[in-house]
Structure formats: C-alpha cells, structure tokens
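Here is the structure we will look at.
On a predicted model such as this, the values are computed, not experimentally measured, just so you know. Chain identifiers are assigned alphabetically (A, B, ...) following the order of the sequence lines, protein sequences preceding nucleic acid strands; residue numbering begins at 1 within each chain.
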Amino acid sequence: MAELSLKNVVKRFGNFEIIRDASLEVSDGEFVVFVGPSGCGKSTLLRMIAGLEDITGGEIWIGGAVVNDVEPADRGIAMVFQSYALYPHMTVEQNLGFGLRMTGNPKADTERRIRRAAEILQITELLDRRPRQLSGGQRQRVAIGRAIVREPRVFLFDEPLSNLDAELRVQMRVEISRLHKELGTTMIYVTHDQTEAMTLADKIVVLRGGNIEQIGAPLDLYDDPANQFVAGFVGSPKMNFMAARIIGKTPDSVTVSLVNQDAVQLTLPVRDVPAIGEMVTLGVRPEHFAEAGQGDADLAVKVDVAEHLGNTSYIYANVADGEQLVIEREESRNEINRDKFVVAIKSSRAYLFDGAGKRLK
Amino acid sequence: MQSRNRIAYAFLAPYLLIFTAFWLWPIIDSFLLSFQNTRVNPWTFSPGLNWGRLSRDPAFYNALKNTLLILVVQVPVMITLATIMAVLLNSPLLKARGLFRFAFFAPVVVGEVAYAAVFRLMFNLNFGIINKLLNTVGIPSVSWFAEKPPAMALLIIAVTWRWAGYNAIIILAGLQSIPNDVYEAATLDRVSKIRQFFFITLPLLRPIILFCMVLSIIGSMQLFTEPFLITDRGGPGGGTETLGLFLYRQGFVSLNFGYASAIAYTIAALAVLISLLNLWLGREPK
C-alpha cells in the first residue's frame, strides 16, 4: 500500500500538450477515479503513473519516492486494461502466475497467491480454461486477478468495465468496490462514465483537455461544482443550462432574466457578480425543479417528450425552442398538460456561471 | 424456388465448365494416365508399370533425397530468418519501414530468369563476387556449380533469398495482430523483452508460422526453377535434381506422361503428408 502524488506533471507529444501541469495527492488506501470525456488525457495520465508513457515534466511520487525514471515493473503497481490484455494462449492459472513464474518467485508462494486471488474473485473453477472460453465478465475477473497476485502497492484500472454490457457493468462495479474494501489498497480508476465515478470513488478527478478541472469527493463535486463543465459532467441526466442576463444586483445577491424562457426573473444569493447587462448561464439539475409555486420563480414550459421509468419520469421540454430542459418528476404518472406545464426554480438549488464557464458564488 | 436455383446455376455454368475442363478433368486424367503405358502407341492400360518403376527407380530416389534435404534444411532456416526479419520490420525504432518492407518483398516480384542469371554470375567460380568475398577473408574459392554440396547450398541460399521476405511479410501481419497491451501487461509483470518474444510472441504466431511452413513445404516439394536455371538442370550430374525437375524430365523431355503422372501424384501425396505431419506436430497443446 502506498500514497501517490503528482507534482506539476506535464505530457507533450511534439508541440501538443496532452497533460498540463497536473498535481494531485492520493492518500494510502484511497480510491481515486479519473473521469472525463474521450481524449481528455485521463488514460495517458494513468499510463504515466504506470510508467508505460514517459513524463515530459514534473514528478510522480509513489510511496515516498520519485518514480519518473523507475521501470514500470519496479513501481509496485498493477494495471487492469480495458481490453483485459490476457495472454490468449495460456490458461487462467497460467495467466495469473506468468509474471511471478518468469521472475523466479518461489513456487509455493506463486501457488498461494493464485489460489487467494482466485478465491477473492470466485474464479477457482475457471483456472484450467483459456481466455477464449470465458465470458467478458469472467475475463475481466481474471485480469483483476492477475493484478491481485502481484500484491501491488497501487492498483490502476483503465476503463475496465467499458467492454461489458450494462447489467454486468453494475455487477462488476459492486465487486470492484468490495475488492477495494477487502484489500484496502490504493486504487486509481479511469472511466468516462460519471456513474461509475460517483459510485466507486473516495475522490474524483475531473479532466478536460489535459487539465484537471476539479478534485473532490463525489458529492462535493455534485453539490459544489467549480465550473460549468464539472456541473454538466457530474450528475445524470446532466444539469440544464439556460442563458441569462444580469438585470440587477445588491452586495450579496443578483437578479437574472432567462432570455430564452419568457424572461423569467430569479434572484440568487451570489456575491461575485459581473456587471449588469452581462450574459451568464443559469444551471439547474433536472431533479432540483420544484412544483409550481413552491420555488422562487415559476417556469412554464412546452413538453415535448415524457419518459416514464416507473420510479421517476424525465420530461423533455422546450426542445422546439432550442434550449432543451430535462425535468425529473417523481410523481408524473398522470397525464401532464403538454402545452402548459409549470415548474419552479429554487434559487438555493440553482448555479450561476460566467461567460467563461466559471462558477459565480 | 427451383427456378431461382436454375438461374443461379445458369450464371455459374461458365465457371463450372471451365473448372471442369481445365482443373477437374486434368486431375482425373493424369491419375488415369499414371496407370497407362505411354511409351507405346497407342497407350495401353498397364496398372503396375509406372508405379512399379517409381518404387525401384534410383533417379526418383535421388530426386526425393535431394528434395527432402532442401526441405529439411531450407524451410526451418528460412522461417527462422523470416521471423527475425518480421520482428525487425515491426520495431518502432526502424526508420523508413515502408522501404524495408518493399525491399524484403521485392525478390518475389523479380523475374525468375533474371534472378537466376544474377545468382549464376555472383557464384561464378572465377569472377563471382561471392568467391571474391570468401578470398578476402582467406577462404579459397568454392566451385559452386561443379560439386554437389556447394551446389545444394547455393540452391538453398537462392530459395531462401527469394522467399524469406515473402514469409516475413506474412509473419509481420501476424505480429501486428498481437495487441500491444499484452506486451504492456507482460512488461508490468516484469517479463524481459527476450522472454516476451519466446513466451508470448512465438506461441501467438504459431498458426501463422505453421501456415508459412505448409506453404514452404508445398513450394519445396515442387521446386523447379532454381535447380533448372541456377544449377543447370539439376547439375552437377543430378546432384541437385529435385522431384519437380525429375517430373519435368520424364514428362517433357522423355515425353513419358504416364510415369510423369505417377511422379506428380507422389509429389502431391508427399506434400500433403508432410504438411499434415507438420500441422499435427505444431498443434496447440490441449
């Protein structure tokens, strides 16, 4: 087990900067998730920690030592790949023990470690099979098992569930969570799926375009996003954004008018306010709309589509007007008035962002 | 449905006719020919004649021995070379990779007569560059065409030069189908590059290498051009006569088509047998 830190880490391919000045502290035993859209650099960052990619600048520390120039095998890490990367010509047992056998680890110890990993992952009965005889979920278990037998100080997971179907993904997610509790090892997990990030992480690192946008506990990111990107990325369905104009302000509040929503006005407790007349963005999560009359401003919308999932419903509104809103309603099994559906916005549950996407508090 | 089938067969008919006339019929006819005495006019049915002669003919055994010797030495050497070339061609460190790939593949494209002429010049006793190079390191000139062992070596060198690059390109395709993350996983598993080659690359290339070996075995069993052109019709004194050349001599020099057919069937049967043996030996362990 080990703590890990990144200090001003940079990665460049030619003139193109993939990772910009990334700094991060990971405590011993912590489960950290790197999340972000495709191409944001999250996998590159993970591979830099693994030593599979060179570091252009900065330092990576594992267990109190700089590992920039340490060979991947000597960093005390184990990695689970998206494609599983199992050795196709070997049985599960050989896959698990290959690395240990190649490095001359004592036979009894190798067998003990294989047995233990197989028991933890419940793959004992699969030990004689080859990867092609396994299902996707079983292959992923073997890939995780191969990481476990190394008894690493840090586990690295590179989108390990993205090749599995939805049901299996949920199941494996729970298992990885259980595994973390059982082993207590530091884990770094890369995903583009914010649900995986929210459910697994002790700490989430949101990346975009090679920048770390925000680091925080899942609910902190949900409740207190640093900018519009994080606000939109964390939470499902994503936060609604509405164009607004500043029409009034006091030292500790600001009044905005929603330009595409019948100029509905709303006053928010915001101190850090741009000038009157400036354009901003108002953000409201689908689940944070209130019943008409129970918020600080009522918003009449035209309903386009309603999806009823049983426990909840998603109402897609104002699509035709170009500024789509998604509204989550727990009790909308009844027919809704499509032409005149009114919800309320609570100023305490609305977020304001400036033109550059920075959160205004 | 039946009329649809009829139309389909009507479209297929031209191909099937050509297939029957130029492929199926010659195969059947040559098989029947092998049971006929074609040294008399008209040809007569004489089932034991050609096959009986084949089992006793020292010239056949000489050609068989030469062919098997080339096969046993040349095929493993060439496949090993091809594998090494493929690994080098696949290296990310290699510059001008496209050029090298073309260069290795080029011998297949070069005309057989041209390449044979160049080899004859290069290995000439008196003014060939190979003997000159040997002389510079203190080795006396080798009479490549006048003695059997050097002539055999020359054939093996020539065939290897011609086909190693071709096989390397096939093996390269196999190498490129091995996902990179398998090697990355092995690197994290602390497995050295050399061990990665022997424990990951080679086992995963097994089907491709087997395929190349079968192709090469079939090619070696039919070897004709090199002994005909380079060592001058299997010279010296039949020392490099292969089964292909022996078949040619019987069929097209002596015009003994019956005997030539029996030889042709023997070559085909041996190629199948050796290829099957090779596939069986190289099968994936259970």
Handout entry: Interchain contact, B:F199 with chain A, by part (heavy-atom threshold 4.5 Å)
Key = both
Heavy atoms, side chains only, cut-off 4.5 Å: are [X] and [Y] in contact?
{"X": "A:R75", "Y": "B:L188", "result": "no"}
{"X": "B:D189", "Y": "A:R150", "result": "yes"}
{"X": "A:Y84", "Y": "B:V182", "result": "no"}
{"X": "B:I200", "Y": "A:F98", "result": "yes"}
{"X": "A:L100", "Y": "B:R190", "result": "no"}

Would you say [atom1] of [X] has more than 12 non-hydrogen atoms from neighbouring residues, nucleotides or ligands within 6.0 angstrom?
{"X": "B:F19", "atom1": "CZ", "result": "yes"}
{"X": "B:F100", "atom1": "CZ", "result": "no"}
{"X": "A:D128", "atom1": "CG", "result": "no"}
{"X": "B:F224", "atom1": "CZ", "result": "yes"}
{"X": "A:E71", "atom1": "CD", "result": "no"}
{"X": "B:F197", "atom1": "CZ", "result": "yes"}
{"X": "A:F13", "atom1": "CZ", "result": "yes"}
{"X": "B:I194", "atom1": "CD1", "result": "no"}

Minimum heavy-atom distance between [X] and [Y], given as atom pair plus value:
{"X": "B:T187", "Y": "A:P72", "result": "CG2-CG, 4.2 Å"}
{"X": "B:A185", "Y": "A:A85", "result": "CB-O, 3.9 Å"}
{"X": "B:R195", "Y": "A:M102", "result": "NH1-O, 3.0 Å"}
{"X": "A:P88", "Y": "B:L204", "result": "CG-CD2, 3.5 Å"}

Problem - NZ/NE/NH1/NH2 to OD/OE distance under 4.0 Å, B:E184 and A:R47 - result: yes
Handout entry: Approximate separation, where rounding is to 0.5 Å, of A:H89 NE2 and B:L202 CG
Key =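 Those atoms lie 9.5 Å apart.
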